[in-house]
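Computed from a predicted structure; not experimentally measured.
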Protein chains: 2
Amino acid sequence: MLSVSTLEKDKQKYHHGDLRNTLIQIGTEMLIESGADELSLRKIAQRAGVSHNAPYQHFADKNALLAAIAEEGFRLLGDAIDEALQNSQTLSPHARLLAVSRAYVAFALQYPTHLQLMFGAFASETYPSLANRSHQTLAKLMSVVAELEQAGQLAENPIYDVGMVVWIALHGLSVILNAGKIPDYIRQDRTPEILVNQFIDMICKGLLK
Amino acid sequence: MLSVSTLEKDKQKYHHGDLRNTLIQIGTEMLIESGADELSLRKIAQRAGVSHNAPYQHFADKNALLAAIAEEGFRLLGDAIDEALQNSQTLSPHARLLAVSRAYVAFALQYPTHLQLMFGAFASETYPSLANRSHQTLAKLMSVVAELEQAGQLAENPIYDVGMVVWIALHGLSVILNAGKIPDYIRQDRTPEILVNQFIDMICKGLLK
DNA sequence: ACCTGAACACCGTTCAAGT
DNA sequence: ACCTGAACACCGTTCAAGT
């Protein structure tokens, strides 16, 4: 696991230039563990073994660190989607769409505070690499839509719009599930996985006659 | 814009028993003006002309006040939807669905921090009246779906599921628009209104052949 | 260039006390 | 019952200083 070169790189630990990534990593862990309210610059710094002021060497303010943690969140989500694509290689484009959809919602339920942070209001101009990461994530959804297109299964809509519609549905479902806002009389005894499958299928087939 | 009628129904001022509603109203205003970061219990109390401790007479903690402000947000959203229904009485069920959809997204874009608060993680058991309000809002969406049903235009899906699918799409689009996460190559020069119309229509007709 | 420590203005919350 | 004021532990941020 640890090669010599890795060790040498590790020699340049945060005391010599890698504090930035350490802070992002610790922030990510703390966000997963304790939620957004407990996430303070001072606690992150303390856990990194550094004074509460050191972060300002690498981030303009707390918001900049949060943006970096959000960016890391998009990387994690991207990994989850890639894994779903990997595990569904033999299946049909439609089944792969459902697999990716379940992966999206599963990520959302596993890392609710991350999702909230990722879709918080970070200005794209101020945090361009965050915007970039979110676009890369969307691109993974688009690739599945492209498979449907190549299989000749798409109705007459711009392919990018199809991808966006899938995205807004997945994201809306994720947020509403996390907020606990699906009434019991609708939810019944369906798991999130079943809800994703059924709702995405309804969208594929259309709501009206 | 901001209806205060319900909150003003009690003639007793906050010095005589209406501090609770005053705090909710001031909190609502401050959230609209300055965003969620600036929203502190102490500032709300100060603006209400009361000590920073008085709010604890009416709310267990800051979170409880936030939940009440979120609840007020659902009331405002409900008013916006009602207004859209009022203004589209002569139109077809389908056109009314689009009108309500535009109203939802318009509200989201006008009060982005409210929307975030409304869909934050407030436990339904701890804040039952908040959960109730959100269910009432969903019911307004359901009423339009019921019109489609009565007009015989619905495909073979549980009616509640149809309403939920509309809701997740509207909410996902709202969050993603507020987060500024639609890439320019997709957004092109379309306004939010046009995006809502087109995306909801795509969902009505179906994405696949 | 990178980090520390003191200081400042603010925050949510608790407690004792006042009416 | 409703509100106040002092106190506590925390926070983000700035500044001067140390290596």
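Atom NZ of Lys43(B) and atom P of dA9(C) are 15 Å apart (whole Å). Between Asp18(B) atom CG and dA1(D) atom P there is a gap of 19 Å when expressed in whole angstrom units. When rounded to the nearest whole Å, the span between CG of Asp37(A) and C1' of dT13(C) equals 14 Å. Distance Glu38(B) CD to dA9(C) C1': 14 Å, rounded to the nearest Å. Taking atom CG on Leu41(B) and atom P on dT13(C), their separation rounds to 7 Å, with Å as the unit. Rounded to an integer number of Å, the gap from Asn21(A) CG to dC2(C) C1' is 16 Å. Atom NE2 of His58(A) is separated from atom C1' of dC2(C) by 7 Å (rounded to the nearest Å). Look at CD on Gln57(B): it is 13 Å from P on dT14(C), rounded to the nearest Å.
From Leu65(B), atom CG reaches atom CD1 of Ile69(B) across 4.0 Å, with rounding to the nearest 0.5 Å. Between His171(B) atom NE2 and Ile176(A) atom CD1 the span is 5.5 Å, to the nearest 0.5 Å. Here the NZ atom belonging to Lys140(A) is positioned 7.5 Å from the CG atom belonging to Asp79(A), to the nearest 0.5 angstrom.
Residues satisfying the side-chain contact (heavy atoms from CB on, under 4.5 Å) test with Leu109(A), not counting sequence neighbours, are Val105(A), Leu177(A), Asn178(A), Pro192(A). Under the salt bridge (Lys or Arg N to Asp or Glu O under 4.0 Å) criterion, Asp201(B) pairs with no residue, sequence neighbours left out. Legend: residues meeting salt bridge (Lys or Arg N to Asp or Glu O under 4.0 Å) with Glu125(B), ordered by chain and number and at least two apart, are absent. Lys181(B) is linked by a salt bridge (Lys or Arg N to Asp or Glu O under 4.0 Å) to nothing, counting only residues two or more places apart in sequence or in another chain.
Closest to the side chain of His52(B), out of dG5(C), dA7(D), dT4(D), is dA7(D). Listed candidates were dC3(C), dT14(C), dT14(D). Nearest to the side chain of Tyr56(A) is dT14(D). Nearest nucleotide to the Ser40(B) side chain, out of dC11(C), dG12(D), dC2(C): dC11(C). Of the candidate nucleotides dC3(D), dG12(D), dT13(C), dG12(D) has the atom nearest to the side chain of Lys62(A). Among dT4(D), dT13(D), dC3(C), the nucleotide with an atom closest to any side-chain atom of Ser51(A) is dC3(C).
Taking both residues in full, the closest heavy atoms of Tyr56(B) and Asp61(B) are given as CE2-CA, 4.1 Å, listed atom of the first, atom of the second, then distance. Across every non-hydrogen atom of Ala108(A) and Leu115(A), the tightest pair is CB-CD2, 3.7 Å.
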field: Dot-bracket encoding of pairs in DNA chain C, which uses [ ] for pseudoknotted crossings and | for another strand, Watson-Crick or G-U under 3.5 angstrom
entry: ||.|||||...|||||.||
N/O-N/O pairs, protein side and nucleotides 15-19 of chain D side, under 3.5 Å:
none

